[in-house]
Amino acid sequence: MRLLFIRHGDPDYKIDGLTEKGKREAQCLAKHIKDWGIDDVYVSPCGRAQRTAEYSLEVLGKEATTLKWLEEFPALFNPNIADEETKKAYPNELFKKKDSDEYHRRIVWDVMPSYYKAHPEIFDTHAFMDSDIVKYTDMPEVYERVIAGFEELLSDYGYERDGNVFKVRESNDKTVAFFCHFGLTSVLLSYLWGVSPFVPMQFLAMAPTSVTEIVTEEREKGIAIFRTLKVGDITHLTLENEQPSFSARFCERFENEDERH
């Protein structure tokens with residue numbers, strides 16, 4: 001079985017859609033996707049993922065199934081209840097709501113390096129769930145919901161989690177594509193790898209429309225693991241001479257003011 005996680009194109013978050021560049025990226029993807037032998041397609045309900053998938057679905061002549069749990073990982077950090085030390089995990093601009101003393105909630109994975117240097121527990125496979133960051137989020141229930149959805153889908157294809165491996169109830173050679181998001185893909189990778197989700201969230205970058213490919217490996221009858229062949233592949237952009245977007249990345253040097261800080 002082959003899983004393809006495809007990030008949406010360069011996003012326009014204000015309208016939950018694509019920028020003009022994002023549309024070009026999605027078109028580049030559609031030019032090459034027919035060669036990938038895709039059997040089934042699942043899509044996040046978010047507009048930017050839906051718009052990205054439309055170009056490819058037209059080429060493939062397929063319809064997609066929209067899954068709620070494929071939306072961008074929605075867990076949020078609440079600075080209004082966090083202690084001062086944990087607030088340091090996130091950028092200083094903890095913006096206050098207009099005409100209010102409350103702060104806006106923050107996506108959980110945008111953690112500052114100085115914080116995780118002092119708090120390595122967020123990278124521990126088991127301890128991350130008991131970390132101070134997670135204590136001030138809704139991450140436990142959100143994570144459980146996402147993983148439950150993913151496990152149900154894998155079970156439908158014949159693979160059921162059994163500790164660090166998967167029992168193969170019925171193997172298959174299907175290629176399944178997911179049009180989704182960086183944060184969500186990071187969570188699913190962490191589940192398949194058996195690591196804290198903060199590891200891929202902090203140390204991977206997947207450009208818009210990039211493809212992450214995972215396949216089953218069954219060296220022993222009835223026992224499978226999922227192995228990652230590539231992460232964030234942008235060959236389809238390179239072939240079409242389209243430069244990748246900088247979205248999901250931060251400045252390579254602090255002095256680079258033209259790059260996101």
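Listed here is the closest heavy atom pair of V168 and A224: CG2-CB, 3.5 Å. Closest heavy-atom contact between P197 and M139: CG-CE, 3.5 Å. Contact between I38 and A177 at its shortest, heavy atoms only, is CD1-CB, 3.8 Å. The shortest heavy-atom contact between I33 and S56 is CD1-OG, 3.6 Å. Shown here for P200 and S186, the closest heavy-atom pair between the two residues is CG-O, 3.3 Å. Taking every heavy atom of both residues into account, A26 and T209 meet most closely at N-CG2, 3.9 Å.
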What donor-acceptor contacts under 3.5 angstrom involve side-chain atoms of residues 108-115, with partners at least two apart or in another chain?
none

Extract all donor-acceptor atom pairs below 3.5 Å that involve side chains of residues 67-78 and protein atoms in other chains or at least two apart in sequence.
unit_1, atom_1, unit_2, atom_2, d
K68, NZ, E71, OE1, 3.2
K68, NZ, E71, OE2, 3.4
E72, OE1, G183, N, 3.3
E72, OE1, L184, N, 3.0
E72, OE2, G183, N, 3.3
N78, OD1, N80, N, 3.0
N78, OD1, N80, ND2, 2.9

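Atom CG of N164 is surrounded by 12 or fewer heavy atoms from other residues, nucleotides or ligands within 6.0 Å. No more than 12 heavy atoms of other residues, nucleotides or ligands shown are found within 6.0 angstrom of CG on D173. E85 CD: more than 12 foreign heavy atoms inside a 6.0 Å radius. The local environment of NZ in K62 is crowded, with over 12 non-hydrogen atoms from other residues, nucleotides or ligands closer than 6.0 Å.
R51 places no side-chain N or O within 3.5 Å of a backbone atom of A53 that could act as its donor or acceptor partner. Looking at D10, its side chain never comes within 3.5 Å of a backbone N or O of S247 through a donor-acceptor pair.
For residues 242-261, the set of pairs meeting the salt bridge (charged side-chain N to carboxylate O under 4.0 Å, His left out) definition, not counting sequence neighbours, comprises K21-E242, R24-E242, R249-E252, R253-E255. Applying the ring pair (Phe, Tyr, Trp, His ring centres under 6.0 Å) test to every pair with at least one member in residues 11-35, sequence neighbours left out, gives no pairs at all. The side chain to side chain donor-acceptor pair (under 3.5 Å) analysis of residues 216-226, with sequence neighbours excluded, yields the pairs E217-R227. The salt bridge (charged side-chain N to carboxylate O under 4.0 Å, His left out) contacts involving residues 193-204 comprise nothing, where partners must be two or more places apart or lie in separate chains. Within the structure, every pair that satisfies the side chain to side chain donor-acceptor pair (under 3.5 Å) test and touches residues 188-201, not counting sequence neighbours, is listed here: E151-Y191, W193-T228. Within the structure, ring pair (Phe, Tyr, Trp, His ring centres under 6.0 Å) pairs that include any residue of residues 229-259 comprise F254-H261 (at least two apart or interchain). The salt bridge (charged side-chain N to carboxylate O under 4.0 Å, His left out) pairs that include a residue from residues 119-133 are D132-K135, where partners are two or more places apart or lie in different chains.
Residues I107 and Y90 are not in side-chain contact: their nearest non-hydrogen atoms beyond the backbone lie 4.5 Å or more apart. Within the 4.5 Å cutoff, the side chain of V142 has heavy atoms near those of the R145 side chain. Inter-residue side-chain proximity for T125 and V199 is flagged as unmet; no heavy-atom pair is nearer than 4.5 Å. Under the 4.5 Å side-chain criterion, counting only non-hydrogen atoms from C-beta, W36 is in contact with R2.
Salt bridge D16/R48: present, at least one basic N to carboxylate O contact under 4.0 Å.
L239 belongs to no hydrophobic cluster with other residues, because no ILVMFWY side-chain heavy atom falls under 4.5 Å from its own, directly or through intermediates. Grouped by direct or indirect side-chain proximity (heavy atoms under 4.5 Å, Ile/Leu/Val/Met/Phe/Trp/Tyr only), L229 sits with V215.
In summary, the side chains of E25 and T52 do not present any donor paired with an acceptor at a separation below 3.5 Å, with no hydrogens or angles considered. Side chain to side chain, T175 and D39 fail the donor-acceptor criterion of an N or O pair below 3.5 Å. Side-chain contact of H181 with S44: a donor-acceptor pair under 3.5 Å is present, judged by distance alone.
L204 and F198 fall within a single hydrophobic cluster, where Ile, Leu, Val, Met, Phe, Trp and Tyr are joined by side-chain heavy atoms under 4.5 Å apart, directly or via other members.
The line from CG of L237 to OG of S245 is 7.5 Å long, rounded to the nearest 0.5 Å.
Proximity of the aromatic rings of F179 and Y42 is defined here by a centroid distance below 6.0 angstrom, and this criterion is not met.
Residues forming a ring pair (Phe, Tyr, Trp, His ring centres under 6.0 Å) with Y116 (at least two apart in sequence, or on another chain): F123, F203.
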